[in-house]
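Note sheet for the following structure.
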Amino acid sequence: MTEANRIESLPVSNSWKQKFRLLEKAGGPKQPNLKALSFGERFKIAFNVLAFLFGPFYYLAKGMWKKGLALFGACVAAIVVIGFALDLVGLTKIADALGYGAAAIFAARANIDYYKKMVLGENGWW
């Protein structure tokens with residue numbers, strides 16, 4: 001079964017099928033052909049608003065709790081270390097905003113991770 005046929009048979013909404021087709025056009029999870037997509041198409045697969053707002057809870061709702069847990073742990077560890085370093089040099093306002101960076105990581109990874117789960121059948125830690 002080809003990837004296109006597999007995408008059409010998935011039990012997901014048409015919106016997700018469209019994102020999955022765009023990811024296929026971009027070359028899969030590593031997206032080697034990303035430049036073949038228009039700006040609008042790139043934005044559709046590059047940023048997930050619900051993942052930005054809800055982070056690990058979004059991953060849990062999509063059945064990707066392992067990846068959500070690993071990503072959350074990595075983000076918390078990075079925020080603590082980077083935040084402490086920024087506080088030491090007096091950049092507390094930047095340290096306070098690190099949570100937005102973690103949210104952006106969830107938003108950037110969510111579509112790719114869901115593609116890996118639904119189309120490729122991968123649901124591991126990474």
Side-chain angles (χ1 to χ4, degrees):
M1 179 183 270
T2 66
E3 296 297 327
N5 291 339
R6 187 177 308 155
I7 290 171
E8 292 308 315
S9 67
L10 290 173
V12 296
S13 69
N14 287 332
S15 174
W16 274 111
K17 288 177 184 178
Q18 181 185 17
K19 289 176 188 176
F20 292 162
R21 285 191 294 269
L22 288 173
L23 278 164
E24 277 295 310
K25 187 176 173 184
K30 296 191 182 204
Q31 303 174 7
N33 305 325
L34 187 62
K35 291 187 179 188
L37 303 178
S38 69
F39 177 77
E41 291 174 330
R42 283 186 229 171
F43 188 76
K44 282 182 185 177
I45 63 172
F47 191 83
N48 187 311
V49 175
L50 291 174
F52 181 81
L53 295 173
F54 301 110
F57 299 110
Y58 181 78
Y59 270 66
L60 179 66
K62 290 294 185 184
M64 302 182 295
W65 66 270
K66 292 181 209 175
K67 289 183 185 183
L69 183 63
L71 200 53
F72 179 71
C75 286
V76 167
I79 287 171
V80 167
V81 171
I82 295 170
F84 181 72
L86 289 171
D87 282 340
L88 282 178
V89 296
L91 299 173
T92 56
K93 296 222 184 242
I94 295 174
D96 293 342
L98 289 175
Y100 295 112
I105 290 171
F106 276 99
R109 292 292 316 163
N111 293 341
I112 295 168
D113 289 338
Y114 197 51
Y115 171 86
K116 287 171 133 180
K117 177 184 186 248
M118 297 303 291
V119 178
L120 303 179
E122 298 176 16
N123 198 20
W125 291 95
W126 291 107

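Because only heavy atoms are used, hydrogens play no part in the values below, and waters and symmetry mates are left out as well, while side chains stay in.
- At least one donor-acceptor pair closer than 3.5 Å links the side chain of Glu41 to the backbone N or O of Ser38.
- Considering every non-hydrogen atom in both Gly83 and Ala95, the closest pair reads O-CB, 3.8 Å.
- By the 30° and 60° cut-offs, the orientation of the rings of Phe39 relative to Phe43 is parallel.
- Among all heavy-atom pairs drawn from Asn111 and Phe47, the shortest one is ND2-O, 4.0 Å.
- The two residues Asn33 and Gly27 come nearest to each other via the heavy atoms ND2-CA, 4.1 Å.
- In this structure, Lys67 and Lys117 have side chains that are not in contact, with every pair of non-hydrogen atoms separated by 4.5 Å or more.
- Between Cys75 and Ile105 the shortest side-chain heavy-atom distance falls below 4.5 Å.
- The shortest side-chain heavy-atom distance between Ile7 and Val12 does not fall under the 4.5 Å cut-off.
- Residues Gln31 and Ile45 are in side-chain contact: their nearest non-hydrogen atoms beyond the backbone lie under 4.5 Å apart.
- Summarising the geometry of Ile79 relative to Gly99, their closest heavy-atom pair is CD1-CA, 4.1 Å, with the distance given to 0.1 Å.
- No hydrogens or angles considered: a donor-acceptor pair under 3.5 Å links the side chains of Tyr58 and Asn48.
- Counting only heavy atoms from C-beta outward, the side chains of Arg109 and Lys116 approach each other to under 4.5 Å.
- Looking at residues two or more places apart in sequence or on another chain, you find a ring pair (Phe, Tyr, Trp, His ring centres under 6.0 Å) between Tyr59 and Phe106.
- Residues Arg21 and Glu8 form a side-chain contact, since some pair of their non-hydrogen atoms from C-beta on lies under 4.5 Å apart.
- Residue Arg42 comes nearest to Lys35 through the heavy atom pair NH2-O, 3.9 Å, listed as atom of the first residue, atom of the second, then distance.
- Put simply, the side chain of Leu22 does not reach to within 4.5 Å of the side chain of Lys19, judged on heavy atoms.
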